[in-house]
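The structure under discussion appears below in the form of C-alpha cells.
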Amino acid sequence: MLKHLTIRDMLIIDRLELEFSSGLNVLTGETGAGKSILLDSLGFVLGWRGRAELVRQGAEQGEVSAVFELPTGHPALKVVEEAGLQDGRAVILRRVNSKDGRKMAWINDRRVSGDLLRLISSRLLELHGQHDDRGLLDSKGHRVLLDQFVGQEEIFEVTRLAWRSLAQTKADLKREFDALSALKDEEEFLRYAVEELVQLGPEVGEEAKLDSRRRLMQASEKLKFDIAKASQAIGREGAEGMLSDALRWLEDAVGELDGKLDGALEALSSSLSCLYDAAAEIENCLDDLEFNPQELEITEERLFAIRALARKHQVLPDDLVDLTARLSQKLVSLDSGEVAVSEKEMAVRIAKEVFKGAAQELSATRQTAAQALDLSMAKELLPLKMDRAVFKTDLSKIEAGPEGWDMVQFLVSTNPGTPAGPLAKIASGGELSRFLLALKVCLRTPADTRTVIFDEIDRGVGGATANAVGRRLSSLAETVQVLVVTHSPQVAAFARKHFKVRKIQSENETLTDVEDLDKTASIEEVARMISGDTVTKEARAAAEALIAKKA
C-alpha cells in the first residue's frame with residue numbers, strides 16, 4: 001500500500017508530508033483547494049503523463065517521493081528484483097522536475113528510466129479519475145475489460161499464437177505465389193535462354209583459349225615462312241652442314257696436335273647436339289602450324305558465338321557457366337512452383353482451422369465470462385441503489401485478429417421495460433459513476449493488490465445513493481487500500497483516515513495545505529460538507545450520525 005507521500009515545490013505546494021493507512025483514505029476540501037494538485041503530484045512520481053509545468057514559481061526544482069510497503073510476492077517486487085533494485089519489501093519512488101523541464105527518477109535510490117518507473121508504478125496503483133467513465137463509454141475498450149474478468153491468460157496466448165502462425169503461413173503463401181508469378185512472366189525467356197546456353201555449352205576460360213588459337217592460325221602463314229627459313233639456315237644445307245664439315249676436318253687433324261683441339265672438338269659436338277634439338281623443336285612447331293583451313297572458320301564461329309551470348313546477357317564470357325546454372329535453377333523452381341504453392345495453401349488451410357478452433361474456444365470462454373460478469377454486476381448494483389438497472393455484456397462477431405473475432409459492448413437498461421442500450425446514451429452522470437464503481441469492483445481479482453484511487457467517483461449522486469457508494473468503497477477497502485477524493489459527506493463519513501485539503505492565502509502567495517484529521521476534526525469537516533461555510537448544530541449532529549452509521 002501507499003504508506004508515505006512527500007511533495008516539495010510542486011505547483012502551489014511548498015512542502016507536504018502525508019501518512020496514509022490501509023483501508024479507506026478520504027481527501028475532502030472545497031472546490032479549487034488543490035485536491036487535483038495532490039493527484040497530479042502523485043501521478044508525477046509514478047511517471048504518468050500530466051501537466052507540463054509542475055515546479056512551484058520561484059523554486060529551482062520540484063520533487064515528489066512515495067513510499068510503498070508491499071507484501072511478499074507482490075507483482076511490483078518482482079519487477080523491482082528483476083531490475084536489480086530490491087530493498088526489502090519497501091519500494092521508494094522519487095522523481096525530480098527542474099524548472100527547465102528536465103525530469104529524473106529514482107527507485108530505492110537507484111536512477112531509473114521513465115519506462116521502468118511506469119512499469120513498476122502500474123503494478124502499485126491504479127487511478128480512476130473524473131473522466132474515467134470515458135473508457136467505460138468507449139466500446140473499443142470493453143473487450144479488454146471483459147478479458148480482465150476472464151483472467152485466463154493462457155487461452156488468449158493460444159489464440160495470439162494461432163493468429164501469428166496463420167499470418168506467417170499467409171505471408172509464406174503470398175511470397176511463394178508472387179515468386180511463381182514472376183517466374184511465369186519470364187518463362188518463355190528462361191526456357192529459350194537455358195536451351196541456347198546448354199546447346200552452346202561454354203566453359204570457363206574457353207573464350208581466351210579460342211581467341212589465342214584464332215590469332216595463332218591467322219598469323220600462321222607468315223610464321224611458317226620465317227620458321228622454315230630458320231629451319232633451312234640451321235639445317236644440313238646451312239649451319240648444321242658447316243659445323244659437321246668443320247668437326248670432320250678437325251677430327252682428321254687431331255692426331256697430329258697432341259690434344260690441342262680437344263676443347264674445340266667438344267664445343268663443336270655440344271653445339272651440334274643443341275642444333276639438332278633446336279631443329280627438332282622447329283620441325284614440331286612447323287607441324288603445329290599445319291591446320292585445316294576450315295579449323296579457323298570453326299574456331300571463329302564458336303568464339304563469336306560465345307562473345308555474342310555474353311553480350312546478349314550482359315555478362316563476361318567466363319560468367320556464362322554460372323548464368324546457365326542460375327537460369328536452370330529458376331526453371332527448376334518454376335517447374336516445382338505449383339507443388340510448393342499447393343503445399344503453402346494446405347498450410348494456410350490448416351492454420352485457419354487451428355485459429356478457428358482457438359477463436360471459438362476463446363469466444364465461448366468470453367460468453368461464459370460475460371454471463372458471470374452480468375450476474376456479478378447485478379449483485380454490485382443492488383447495494384448501489386440500482387436494483388432495477390440491468391447490465392448486459394453483448395458479444396458480436398467482427399473481423400478476426402490476434403485477440404479473436406469478438407466485439408464486446410456493455411449495454412444497460414436503467415428502467416424496467418426499456419430496451420438495453422449503450423452506456424453513453426442510457427445512463428446519467430450519477431448512474432455512470434455507480435456503473436463504473438461496480439464494474440471496477442467486479443473486475444478486481446484477489447491477486448490484484450494495487451492501491452486504488454477514485455477521483456470523485458460519487459459525483460452526480462447524493463443522499464441514500466451516496467451513502468451506498470460510501471459503503472461499497474468501504475467494503476472494497478477491506479481487501480485493498482483505497483484513496484477517494486470526494487465532495488460527498490456520506491462518502492467521507494466512511495473514512496478510516498480523513499485528510500482535508502485547503503488553500504492558505506497571504507499577500508504574496510497562495511499555498512495548498514493538507515490536514516490529517518482526527519475524529520473530532522473529521523466530524524467538523526463532514527458537517528461543513530453538509531451545511532456549507534457555517535456549521536450548524538444540526539449539521540454537526542448529522543455528521544456524527546453519518547460517521548456512527550459506518551460501523
Steps toward salt bridge (Lys or Arg N to Asp or Glu O under 4.0 Å) verdict (R102, D100): CA-CA 6 Å; R102 289 184 298 111; D100 61 5; 3.1 Å; yes
Taking the side chain as every heavy atom from C-beta outward, state whether [X] and [Y] have any atom pair closer than 4.5 Å.
{"X": "D406", "Y": "L146", "answer": "no"}
{"X": "L166", "Y": "K170", "answer": "yes"}
{"X": "N25", "Y": "L2", "answer": "no"}
{"X": "L473", "Y": "F494", "answer": "no"}
{"X": "W106", "Y": "L117", "answer": "no"}
{"X": "I7", "Y": "V45", "answer": "no"}
{"X": "S474", "Y": "R496", "answer": "no"}
{"X": "R366", "Y": "D147", "answer": "yes"}

Point-to-point distance, once rounded to the nearest 0.5 Å, from [atom1] of [X] to [atom2] of [Y]:
{"X": "W48", "Y": "L39", "atom1": "CH2", "atom2": "CG", "answer": "8.5 Å"}
{"X": "T465", "Y": "M386", "atom1": "OG1", "atom2": "CE", "answer": "9.0 Å"}
{"X": "S363", "Y": "K397", "atom1": "OG", "atom2": "NZ", "answer": "8.0 Å"}
{"X": "D14", "Y": "D513", "atom1": "CG", "atom2": "CG", "answer": "9.5 Å"}
{"X": "T512", "Y": "I12", "atom1": "OG1", "atom2": "CD1", "answer": "3.0 Å"}
{"X": "E338", "Y": "E343", "atom1": "CD", "atom2": "CD", "answer": "12.0 Å"}

Stepwise side-chain contact (heavy atoms from CB on, under 4.5 Å) test for E524 and R540: CA-CA 6 Å; E524 197 70 14; R540 193 173 286 110; 2.8 Å; yes
Given E525, E30, E515, the one that forms salt bridge (charged side-chain N to carboxylate O under 4.0 Å, His left out) with K500: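 Going through E525, E30, E515 one by one, the salt bridge (charged side-chain N to carboxylate O under 4.0 Å, His left out) with K500 is satisfied by E525 alone.
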Determine yes or no for a side-chain-to-main-chain donor-acceptor pair under 3.5 angstrom, with [X] supplying the side chain and [Y] the backbone.
{"X": "N108", "Y": "I92", "result": "yes"}
{"X": "E361", "Y": "I155", "result": "no"}
{"X": "S121", "Y": "R118", "result": "yes"}
{"X": "D374", "Y": "T393", "result": "yes"}
{"X": "S475", "Y": "R471", "result": "no"}
{"X": "R95", "Y": "F44", "result": "yes"}
{"X": "K99", "Y": "V55", "result": "no"}
{"X": "T451", "Y": "L125", "result": "no"}
{"X": "R110", "Y": "G84", "result": "yes"}
{"X": "T169", "Y": "S165", "result": "yes"}

Verdict with supporting geometry, S113 and D115, side chain to side chain donor-acceptor pair (under 3.5 Å): CA-CA 5 Å; S113 66; D115 289 338; 5.2 Å; no
Residues R160, E157: salt bridge by 4.0 Å N-O rule: yes
Above 12 or not: heavy atoms from other molecules or residues under 6.0 Å from [atom1] of [X]?
{"X": "Q57", "atom1": "CD", "result": "no"}
{"X": "M104", "atom1": "CE", "result": "yes"}
{"X": "F177", "atom1": "CZ", "result": "no"}
{"X": "K497", "atom1": "NZ", "result": "yes"}
{"X": "R164", "atom1": "CZ", "result": "yes"}
{"X": "R111", "atom1": "CZ", "result": "yes"}

Distance-minimising heavy-atom pair for [X] and [Y]:
{"X": "R434", "Y": "L384", "value": "NH1-O, 3.0 Å"}
{"X": "I530", "Y": "A543", "value": "CD1-N, 3.8 Å"}
{"X": "T486", "Y": "M529", "value": "O-CE, 4.1 Å"}
{"X": "Q409", "Y": "H142", "value": "CA-ND1, 3.4 Å"}
{"X": "F149", "Y": "L373", "value": "CE2-N, 3.4 Å"}
{"X": "T449", "Y": "P75", "value": "OG1-CD, 4.4 Å"}

Verdict with supporting geometry, R175 and D178, salt bridge (Lys or Arg N to Asp or Glu O under 4.0 Å): CA-CA 5 Å; R175 186 166 50 251; D178 290 346; over 6 Å; no
Between D518 and T520: side-chain donor-acceptor atoms closer than 3.5 Å: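 Judged by distance alone, the side chains do not pair up.
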Chi angles and distances behind the side chain to side chain donor-acceptor pair (under 3.5 Å) call for S122, R450: CA-CA 8 Å; S122 67; R450 291 178 295 174; over 6 Å; no
Worked verdict on F454 versus V469 for side-chain contact (heavy atoms from CB on, under 4.5 Å): CA-CA 11 Å; F454 291 103; V469 170; over 6 Å; no
Name of the residue among F156, F355, W405 meeting ring-ring contact (aromatic ring centres under 6.0 Å, His included) with W163: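 Checked F156, F355, W405 against W163; only one passes ring-ring contact (aromatic ring centres under 6.0 Å, His included): F355.
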side-chain contact (heavy atoms from CB on, under 4.5 Å) between K352 and K356, worked out: CA-CA 6 Å; K352 281 183 177 179; K356 180 181 178 181; over 6 Å; no
Audit row: M10, I37, side-chain contact (heavy atoms from CB on, under 4.5 Å) steps and yes/no: CA-CA 8 Å; M10 297 289 284; I37 294 175; 5.7 Å; no
